[in-house]
Undergrad: 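There's a structure below that I have some questions on.
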Amino acid sequence: MLKNLTQAEALREALVEEMRADSRVFVMGEDVGPHGGIFTVTKGMWEEFGDERVRDTPISEAGFVGAALGAALVGGRPIAELMFGDFAAVAMDQIVNQIAKARYMSGGKAIAPLVLRMTIGARGATAAQHSQSPHAWMVHTPGLYVVAPSNPADCKGLLKTAIRDDNPVIFCEHKKLYFEGGPVPEGEHTVPFGVADIKREGRHVTVVAISYMVHKALAAAEKLAEEGIECEVIDPRTLVPMDWQTVYNSVKKTGRAVVIDEGHLTAGVAGEIAARIGKECFDYLDAPVERVCTTDTPIPFSPQMEEFVIPQVEDAIAGIRTVLA
Amino acid sequence: MLKNLTQAEALREALVEEMRADSRVFVMGEDVGPHGGIFTVTKGMWEEFGDERVRDTPISEAGFVGAALGAALVGGRPIAELMFGDFAAVAMDQIVNQIAKARYMSGGKAIAPLVLRMTIGARGATAAQHSQSPHAWMVHTPGLYVVAPSNPADCKGLLKTAIRDDNPVIFCEHKKLYFEGGPVPEGEHTVPFGVADIKREGRHVTVVAISYMVHKALAAAEKLAEEGIECEVIDPRTLVPMDWQTVYNSVKKTGRAVVIDEGHLTAGVAGEIAARIGKECFDYLDAPVERVCTTDTPIPFSPQMEEFVIPQVEDAIAGIRTVLA
Amino acid sequence: MAKAVTTRPTQDTHLLTMYRQLVRMRVFEERVRDVYFAALMPGLAHVYLGQEAVAVGVTEALREDDYVTSTHRGHGHVLAKGGDPKLMMAEIMGREAGYCKGKGGSMHIADLSLGIIGANGIVGAGIPIAAGAGLWMKMRGGDSVVACFFGDAASNQGAFHEGINLAALWDLPVVFVCENNLYGISVRQNRHQKIVDIADRAIGYGIPGEVVDGMDVSAVYDAAKRAVERARKGLGPSLIECKTYRWMGHHAGDPARYRPEGELDAWKERCPVKLCRSILISDGILTEDEDARIQAEVESEMREAEEWAAAQPFPAPERALEDLYA
Amino acid sequence: MAKAVTTRPTQDTHLLTMYRQLVRMRVFEERVRDVYFAALMPGLAHVYLGQEAVAVGVTEALREDDYVTSTHRGHGHVLAKGGDPKLMMAEIMGREAGYCKGKGGSMHIADLSLGIIGANGIVGAGIPIAAGAGLWMKMRGGDSVVACFFGDAASNQGAFHEGINLAALWDLPVVFVCENNLYGISVRQNRHQKIVDIADRAIGYGIPGEVVDGMDVSAVYDAAKRAVERARKGLGPSLIECKTYRWMGHHAGDPARYRPEGELDAWKERCPVKLCRSILISDGILTEDEDARIQAEVESEMREAEEWAAAQPFPAPERALEDLYA
Ligand SMILES: Cc1ncc(C[n+]2csc(CCOP(=O)(O)OP(=O)(O)O)c2C)c(N)n1
Ligand SMILES: Cc1ncc(C[n+]2csc(CCOP(=O)(O)OP(=O)(O)O)c2C)c(N)n1
Ligand SMILES: [Mg+2]
Ligand SMILES: [Mg+2]
């Protein structure tokens with residue numbers, strides 16, 4: 001049975017179902033309690049689960065992210081929320097030096113089953129310190145899984161998988177999608193890690209798009225379809241592990257690839273995807289891989305400038321045209 | 001006049017000369033004072049410049065890196081030292097959200113002329129939290145310059161340039177090079193940002209190598225020269241700004257490229273270089289760009305494992321052979 | 001809640017000066033709120049209504065060559081330190097003519113020429129920056145000081161601890177001003193820390209800590225003056241906790257349902273603008289007529305600022321690529 | 001320097017148990033030092049010599065189902081919590097048979113089955129982790145507690161502030177143990193903070209803080225016992241500052257020239273092993289003969305551990321690729 005949910009509702013459903021099923025699961029973060037989270041994800045959960053399991057934290061990102069690790073190491077299954085992904089920088093040591101390495105440094109004896117939910121993306125002119133998409137830092141850090149869904153059903157299914165997984169998972173939620181709706185399976189619904197979703201099939205060009213950028217890619221594809229250009233839009237859904245095979249297979253078919261990511265251009269995830277396609281599909285590529293990313297500038301405040309630095313549908317179209325030229 | 005200095009001595013010479021020339025320049029960090037720094041870089045400087053300008057800090061990386069920014073914004077020219085680049089994670093918010101963005105967010109009115117020296121690389125079995133090469137995080141953050149020299153002369157020349165520059169500079173020093181010697185020009189010697197150095201000319205394959213990996217590349221080139229394989233070894237020296245033209249020109253000449261970097265493979269700087277070569281030299285490439293990087297695992301403690309995960313000369317040779325095959 | 005004691009000003013004209021600043025801040029922020037509700041500004045408006053006495057009292061103890069670091073709730077600090085309401089409003093509205101050419105917005109106004117090191121969107125991050133500015137003040141000589149504003153919830157950030165420890169250790173000329181408005185977004189102080197007086201944390205750094213009635217501009221001024229003088233003499237930093245309250249939610253669009261009924265009203269009884277006005281009037285320093293004139297002048301100043309700002313063009317999109325590197 | 005008062009043990013046999021642990025730690029670390037100088041181990045050895053009374057006294061107040069978090073100077077904590085010297089030595093020597101299969105080394109020994117959450121190479125980072133472990137202890141029920149060790153210099157990290165604030169706010173069963181050995185590498189305490197007693201920082205979190213003579217194992221034990229009991233009862237965390245000293249430099253290879261002459265000798269006068277032994281002997285609980293037997297037993301235990309470890313193979317290089325994901 002499908003029902004229509006927003007991303008926020010789908011995430012909440014995953015949280016609630018998993019918390020009902022497993023008493024070790026709990027959420028913590030700033031304003032997640034009675035307030036329900038500034039993006040409403042935990043709305044109503046405090047009423048059901050109470051103070052202990054829907055835990056408001058002080059503004060101490062390094063502290064509560066580290067505490068999530070501590071709880072996970074001794075048997076809990078915490079889900080910590082970073083209100084803005086930009087604040088990952090505040091908790092960075094705990095994320096990259098502690099959480100990502102706890103298992104490896106112990107020779108595989110420790111497990112750190114925790115989920116760190118963080119918002120990414122520019123929305124509503126919140127400027128340079130509240131608009132970033134820093135998933136590349138995490139993807140560059142071995143030991144973390146990194147998830148970046150683009151629709152409510154994947155949000156629910158991937159979040160459930162993340163909560164049940166024994167590895168630490170960075171769960172990137174795009175701010176522009178929280179209040180966008182989509183069909184979501186009721187009850188048990190999981191999406192495995194490492195399986196990309198081909199959101200649209202096509203034979204002229206492969207477009208790999210991450211998170212919200214999937215929507216830009218689909219809009220571009222729709223537009224170009226009018227001209228007879230058939231884009232294959234791939235949503236990797238999980239960046240670590242990444243479903244490289246699906247990407248390569250598509251590019252081997254189309255011979256052309258565009259990567260769209262809201263992270264900054266240089267040394268980001270799009271660069272990784274472009275580099276791997278360049279290597280694995282070398283003999284199949286008819287044109288260089290094109291990247292459509294946020295410019296290498298901080299995100300400016302004023303909306304027209306914000307729009308300018310973030311990939312838009314026209315940028316996606318331009319990128320696709322470039323590889324087809 | 002050239003004299004032979006180790007990297008540590010060359011860096012010290014740059015620091016001392018700039019501090020003598022400009023009273024706004026000062027250094028701060030853990031154990032940089034009477035102790036002279038655990039890698040001896042500031043040895044003897046406290047005796048000359050005193051407590052104020054060669055300032056021991058508490059173990060508060062976010063604190064003193066933030067303080068460096070504060071001092072820079074109001075007229076100082078601080079040089080802060082992170083004993084291990086791994087600790088950049090502890091100060092990450094100040095680096096990426098404050099330092100990198102101070103100028104941009106102010107509409108260009110503020111300047112943040114500071115240098116953040118940090119050590120990178122694995123040396124001496126210090127394991128997962130003291131061996132990382134996290135320069136990719138910085139390269140992915142617009143607003144920072146990122147420097148990664150490979151020899152004492154470049155260390156001196158680039159550090160002087162960094163200190164005089166009005167932008168924040170992340171200065172990556174490889175731990176394995178501190179006590180390696182090389183000829184260094186006496187007195188005034190600066191190296192401009194954004195100018196790569198071709199450390200060895202060759203026509204069969206371009207090898208772009210970063211920091212200590214330049215030495216691995218040169219050793220590999222030496223070895224392969226015995227078989228008549230001529231490698232062109234390029235040391236970008238500064239990763240931001242990057243001298244792309246020199247890289248492209250070389251690859252257009254050789255048709256083949258290998259990138260060697262001690263950062264982890266995925267979503268690192270090598271990926272960026274490979275992606276750009278793949279795009280800009282598309283019509284010239286005779287083989288896919290090969291990357292030789294640290295594996296996507298934390299750095300293990302035991303020396304044989306450490307050696308296994310970090311690129312070695314044999315890995316460089318294997319990578320070069322792959323693109324030549 | 002803060003004690004109801006209201007201290008007398010050190011100088012009457014001084015209080016009048018401060019009163020005018022209180023009114024300016026009040027009117028400016030009311031306009032910002034209206035601009036927000038009229039959708040004339042992008043982003044959020046963390047308005048300063050209710051807390052005016054803190055910015056005014058502290059800044060009054062500063063000189064032009066002193067510095068301030070500010071927060072996401074920074075309009076008051078900027079205005080107090082001499083910020084031009086036109087340029088502020090233009091920035092808040094995202095215009096090219098704004099303080100940051102529209103790149104910063106409400107949370108990132110800076111003007112080094114006025115000693116405004118900058119607002120900050122990262123809670124607590126300004127504290128080490130203030131310590132560093134103080135460090136350079138000390139190193140370059142002279143006797144400038146830095147006032148560092150932050151909230152009650154910011155006092156739980158590592159940056160608070162590290163920044164104050166540095167300033168204490170090195171006897172830096174910094175005055176740390178905690179604006180305890182009882183909330184970090186929806187989380188009341190008793191749900192984010194076990195202590196009642198944040199000033200008690202000063203003990204852990206070996207510096208003076210003081211609690212002051214943050215609704216009483218003279219009390220704030222007096223405490224700030226002591227701390228500033230101490231800092232100027234090279235005796236090191238202090239921590240001043242101002243008990244205050246915000247009239248609105250976390251930002252203008254937040255209905256703040258998390259606050260117990262009556263709490264806001266109780267605090268409004270002690271409105272810093274009203275409190276100051278009643279003293280001035282009862283002491284005969286200000287007449288109702290003069291007050292009306294001040295109100296009118298300030299109203300027109302701020303209306304002009306808003307109208308001017310609203311008439312400014314937005315930056316061309318590609319200006320986004322400028323101002324990154326010097 | 002710490003006071004010279006030496007308190008009496010709560011129980012005589014108890015003191016004997018602790019004495020044996022002190023000796024084990026002493027002998028183990030002397031071996032580590034020798035192994036380091038003989039270049040039989042990779043990396044650095046941050047040895048615990050001189051601080052033994054802290055790990056022993058605190059851990060003696062713990063149960064098997066309690067937890068500890070440790071630091072770069074962690075061998076003592078691990079040994080005290082039941083760590084097997086063979087597996088420890090093998091790890092320190094980088095062998096496959098070590099606690100972490102040679103992946104962790106001296107700074108990262110962990111064994112969750114013994115309640116050892118892990119040593120840590122990032123100064124201060126274990127503190128929030130300990131708070132989180134305490135959080136889960138509280139949430140899952142039961143009355144286990146977590147002891148969290150860290151140094152004087154670690155108390156200036158933001159992680160200290162945030163971790164303790166969380167534990168205090170939520171009344172978590174954590175005992176924070178600051179081992180004040182007066183130095184962070186070369187930087188003496190008076191050069192890294194303005195305060196003398198780190199225990200004073202407890203005030204800023206609303207929890208008890210106590211200074212104890214870290215050379216007196218009974219004093220440490222008594223303080224730890226009080227704090228552990230408090231935590232077990234659900235009354236929340238405490239901060240115990242143990243005044244202590246390290247015999248060697250920051251690590252075995254550090255000549256520690258930064259210490260004033262005579263300082264080490266003065267502290268060695270109050271060697272925790274000697275102090276404990278002299279009480280046991282003067283109280284007639286231990287004879288010289290029994291002491292010699294203990295020494296011999298421990299020597300042979302640790303020699304065996306070292307010999308066993310040295311005979312273990314190194315991990316195959318490609319094992320580096322394992323153990324990353326579960
Ligand atoms: C590091 C960080 N964490 C969280 C936030 C989101 N946030 C913005 S303001 C705020 C509350 C701050 O409370 P306080 O410091 O008391 O200042 P106030 O808003 O009350 O003036 C929060 C949680 C942020 N901007 N930065
Ligand atoms: C975040 C961080 N900064 C710096 C270091 C380098 N370092 C390792 S131990 C140490 C000194 C720690 O001093 P203290 O906390 O007093 O513990 P002690 O060594 O005295 O036992 C330093 C600076 C580190 N490992 N981590
Ligand atoms: Mg507040
Ligand atoms: Mg110490």
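Reminder, nothing fancy here: chain letters follow the sequence lines and each chain counts from 1.
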Undergrad: Please report the shortest heavy-atom distance between A/S106 and D/A110, naming the atom on each side.
TA: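 Between these two residues, the closest heavy atoms are CB-CB, 4.4 Å.
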Undergrad: Under the side-chain contact (heavy atoms from CB on, under 4.5 Å) criterion, do D/L135 and A/F64 qualify, and how do the steps go?
TA: CA-CA 10 Å; D/L135 173 60; A/F64 74 77; over 6 Å; no
Undergrad: When you measure from the side chain of A/K109 to the backbone N and O of D/Y99, does any donor-acceptor pair fall under 3.5 Å?
TA: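 Confirmed, A/K109 side chain pairs with D/Y99 backbone.
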Undergrad: Would you give the length of the straight line joining atom CE of A/M28 to atom CH2 of D/W170, rounded to the nearest 0.5 angstrom?
TA: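 Here the rounded value is 4.0 Å.
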Undergrad: As an exercise: rank A/L69, A/L73, A/I59, A/D93 by heavy-atom pairs under 4.5 Å with chain D and give me the winner.
TA: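 Answer, by heavy-atom pair count under 4.5 Å with chain D: A/D93.
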Undergrad: As an exercise: rank D/D111, D/L112, D/I109 by heavy-atom pairs under 4.5 Å with chain A and give me the winner.
TA: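 Among D/D111, D/L112, D/I109, the one with the most close pairs to chain A is D/L112.
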Undergrad: Are any side-chain N or O atoms of A/Q94 and backbone N or O atoms of D/A125, one a donor and one an acceptor, separated by less than 3.5 Å?
TA: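 Yes; judged by distance alone, with no hydrogens or angles, the pair exists.
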Undergrad: Would you say the side-chain atoms of D/K101 pair up with the backbone N or O of A/G107, donor to acceptor, closer than 3.5 Å?
TA: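 Answer holds: yes.
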Undergrad: Are any non-hydrogen side-chain atoms of D/K138 and A/E52 less than 4.5 angstrom apart?
TA: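 Side chain of D/K138 against side chain of A/E52, heavy atoms only: contact under 4.5 Å found.
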Undergrad: What residue, out of D/L172, D/N120, D/I127, has the most heavy-atom pairs lying under 4.5 Å from chain A?
TA: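 Most heavy-atom pairs under 4.5 Å with chain A: D/N120.
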Undergrad: Start with the C-alpha gap between D/M137 and A/V74, add the side-chain angles, then the distance that decides, and say whether side-chain contact (heavy atoms from CB on, under 4.5 Å) holds.
TA: CA-CA 8 Å; D/M137 291 306 103; A/V74 299; 3.6 Å; yes
Undergrad: Shortest non-hydrogen contact from A/Q98 to D/I129?
TA: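 Shortest heavy-atom separation between A/Q98 and D/I129 comes out as OE1-CD1, 3.9 Å.
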Undergrad: If you measure from CG on D/L169 to OG on A/S60, what distance do you get to the nearest 0.5 Å?
TA: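 With rounding to 0.5 Å, CG (D/L169) is 9.0 Å from OG (A/S60).
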Undergrad: Does any non-hydrogen side-chain atom of D/K103 lie less than 4.5 Å from one of A/K101?
TA: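 They are not in contact (no side-chain heavy atoms under 4.5 Å apart), so the answer is no.
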Undergrad: Are A/E61 and D/E162 close enough that some pair of their side-chain heavy atoms sits under 4.5 Å apart?
TA: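 A side-chain contact is absent here, since even the closest heavy-atom pair is not under 4.5 Å.
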Undergrad: Go through the steps to decide whether A/Y104 and D/Y325 satisfy the test ring-ring contact (aromatic ring centres under 6.0 Å, His included), and finish with yes or no.
TA: CA-CA 8 Å; A/Y104 188 84; D/Y325 293 100; 9.9 Å; no
